[in-house]
Amino acid sequence: MAEESTWKIINGKPTPDGVPDLPQNLMIGSFPDAMWRIDGHTKKGLPFTNLMIECPEKIMTKPYPDALWRIDELKNDVVTYTPLLVETPDLGAFANAAALRRVSIPKSVKMIGKKAFRNTRLRSVTIAKDCTYYPTSFPEGCTVKFYE
Amino acid sequence: MYTGKGTKSDPYIVDNWEDFVSVAYETAGYVKFADGGGKIDMNEHYPKGISKVNINSTEVDFNNWTIENLYTTNGGFSGNNLGTLKNLKLLNVYHTGGYLLDQFNLENCTVTGIIMSTPFYVHNYETKSLRYCSFNFITEGTVSRLVSGSDSDIYDAAFCHFNISNYADDIYPFGYMRLKNCLITGETSQRNAMIVSNSRYDFCVFDFDAPNCSKGNCSSTNVCIYNKDKAPNLTTNTNFIGFTTEEMKDPQKYRDAGFPMGVE
């Protein structure tokens with residue numbers, strides 16, 4: 001024989017006797033990790049689940065590896081290079097004359113080659129105002145002066 | 001020198017690159033990096049790059065170590081189709097050829113870097129299954145099947161975040177994959193880019209800035225959401241529903257669309 005039950009109206013809804021109260025909170029505790037949610041902060045407000053690990057925002061945090069080609073305005077005459085390339089010896093009229101400390105360049109000289117005095121010990125030179133030269137014509141730190 | 005017996009309960013313990021490569025190549029056992037974390041700068045070990053590192057281990061637990069500045073000339077880590085890499089932070093990768101992480105399962109891994117195309121349409125990245133991983137890539141040139149199974153096998157990716165930016169040529173990020181519960185973000189301006197491409201998608205979210213992207217060959221059993229302000233031409237099958245940028249942040253919109261969004 002079927003067990004009889006008595007119905008009552010509770011909070012405006014018909015409810016049989018013996019039914020436990022309905023929990024008021026749909027979710028107790030935290031979400032299952034797999035469930036999608038949006039919290040307005042994580043993932044820039046986009047949906048996420050707790051099972052996704054954080055995606056680093058920065059793709060690159062350090063300079064290029066040595067083997068990678070690069071262009072640097074201050075290196076290799078702005079020609080593409082990698083730091084692993086063996087440096088080509090400078091070619092120029094007096095290049096690599098390691099003992100050369102002083103030089104006299106007449107006013108009549110109107111052009112000085114790209115690496116004419118590279119890798120010398122010159123600290124100062126004087127040239128004509130209309131003489132064409134390159135930043136690489138003289139060793140680094142060499143002061144270029146001009147005839148009056 | 002490494003310690004341990006290579007079993008699951010007593011794995012080989014390594015704490016440097018040389019021991020890792022040696023033991024991972026020679027054995028099929030379990031390998032684990034030492035507790036406490038650490039960092040290996042590949043630019044110090046191989047400034048000219050590596051062509052391929054063969055890993056025959058059943059499992060390598062990187063134990064949250066970071067490997068950075070890996071420069072690949074013809075492949076990165078290559079597995080035996082059975083192994084698993086887990087808890088790896090592979091950062092600042094410059095991948096220029098071959099497969100980056102080939103024939104592995106990946107768990108709880110983070111990978112960032114630049115993926116360059118090769119003269120051929122190759123799988124730049126091939127794995128078996130991915131769980132709980134995040135990827136942040138810039139791709140250069142035409143990159144086809146960035147994350148891909150093989151022609152005959154469908155591989156799974158679940159609970160992963162892919163952020164992919166491409167500025168040079170076309171991109172087809174996925175191939176022969178089944179993506180479930182994944183977030184796909186990024187940007188591309190290319191006309192033929194196919195963000196949704198050649199894979200199956202279930203419960204995925206696309207917030208991809210791709211104004212010119214077109215639909216790829218794909219299918220989905222369960223609803224996926226995409227940002228129709230960012231990718232207005234991404235017209236796909238009926239299980240892809242377009243939201244505006246504002247709607248992308250509204251949980252109720254997802255629920256209304258049948259997407260399994262939690263109720264606050």
Side-chain angles (χ1 to χ4, degrees), chain A residues 11 13 20-76 78-88, chain B residues 41-44 46-50 68-71 73 87 89 91-94 96 108-114 116 131-138 158-163 165 181-183 185 203-207 225 227 245 248-255 259-264:
Chain A
N11 295 329
K13 295 178 182 175
D21 289 342
L22 199 63
Q24 294 301 304
N25 296 322
L26 294 179
M27 299 292 296
I28 298 174
S30 58
F31 288 117
D33 284 345
M35 186 172 276
W36 288 86
R37 75 282 314 268
I38 293 175
D39 68 9
H41 305 290
T42 309
K43 300 287 182 191
K44 298 178 180 173
L46 289 171
F48 68 97
T49 88
N50 277 356
L51 295 180
M52 290 177 182
I53 60 175
E54 197 60 36
C55 194
E57 292 216 1
K58 284 187 177 177
I59 293 174
M60 299 305 304
T61 57
K62 287 187 72 175
Y64 293 126
D66 288 347
L68 210 62
W69 291 90
R70 75 280 313 268
I71 295 175
D72 188 329
E73 287 189 359
L74 300 176
K75 291 184 178 174
N76 207 38
V78 204
V79 175
T80 316
Y81 78 103
T82 97
L84 297 180
L85 288 176
V86 177
E87 204 164 323
T88 307
Chain B
D41 185 346
M42 292 301 293
N43 203 30
E44 292 178 2
Y46 293 96
K48 297 176 184 176
I50 63 169
E68 63 181 11
N69 304 322
L70 174 68
Y71 180 53
T73 56
N87 304 318
K89 291 187 173 74
L91 308 181
N92 281 8
V93 166
Y94 289 83
T96 65
N108 197 40
C109 294
T110 300
V111 187
T112 71
I114 295 178
M116 299 184 188
R131 294 282 187 280
Y132 328 126
C133 296
S134 72
F135 304 87
N136 200 348
F137 289 139
I138 292 176
F159 300 107
C160 295
H161 182 178
F162 303 92
N163 189 69
S165 301
N181 290 294
C182 291
L183 176 63
T185 59
F203 298 133
C204 289
V205 175
F206 292 80
D207 190 67
I225 306 297
N227 187 324
T245 300
M248 290 295 289
K249 298 176 181 179
D250 181 354
Q252 189 58 44
K253 289 295 294 184
Y254 290 82
R255 289 192 283 274
F259 192 88
M261 178 63 68
V263 180
E264 294 291 350

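We name chains A, B, ... by the order of the sequence lines, and we start the count at 1 in each one.
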Roughly how far, to the nearest 0.5 Å, is [atom2] of [Y] from [atom1] of [X]?
| X | Y | atom1 | atom2 | answer |
| --- | --- | --- | --- | --- |
| A:E54 | B:S134 | CD | OG | 7.5 Å |
| B:C133 | A:L51 | SG | CG | 11.5 Å |
| B:D207 | A:K43 | CG | NZ | 12.0 Å |
| B:K249 | A:I38 | NZ | CD1 | 9.5 Å |
| B:F135 | A:I53 | CZ | CD1 | 8.0 Å |

Taking B:N136 for its side chain and A:C55 for its backbone only, find out whether a donor-acceptor pair lies under 3.5 Å. no

Ignoring hydrogens and angles, tell me if any N or O in the side chain of B:N43 forms a donor-acceptor pair with the backbone of A:D66 under 3.5 Å. yes

What part of B:D250 lies closer than 4.5 angstrom to a heavy atom of chain A: side chain, backbone, both or neither? backbone

Which bit of B:Y254 comes within less than 4.5 Å of chain A, counting heavy atoms only: side chain, backbone, both or neither? side chain

Counting heavy-atom pairs under 4.5 angstrom with chain A, the leader among B:L91, B:I114, B:V205 is B:V205

Name the option with the most non-hydrogen atom pairs under 4.5 Å to chain A; the candidates are B:N163, B:T185, B:I138, B:V93. B:I138

Residues at least two apart in sequence or cross-chain that pass salt bridge (charged side-chain N to carboxylate O under 4.0 Å, His left out) with B:K89, listed by chain then number, are none

Validation row: A:W36, B:F259 side chains within 4.5 angstrom (heavy atoms): yes

Would you mind reporting whether B:F159 and A:D33 have side-chain heavy atoms less than 4.5 Å apart? no

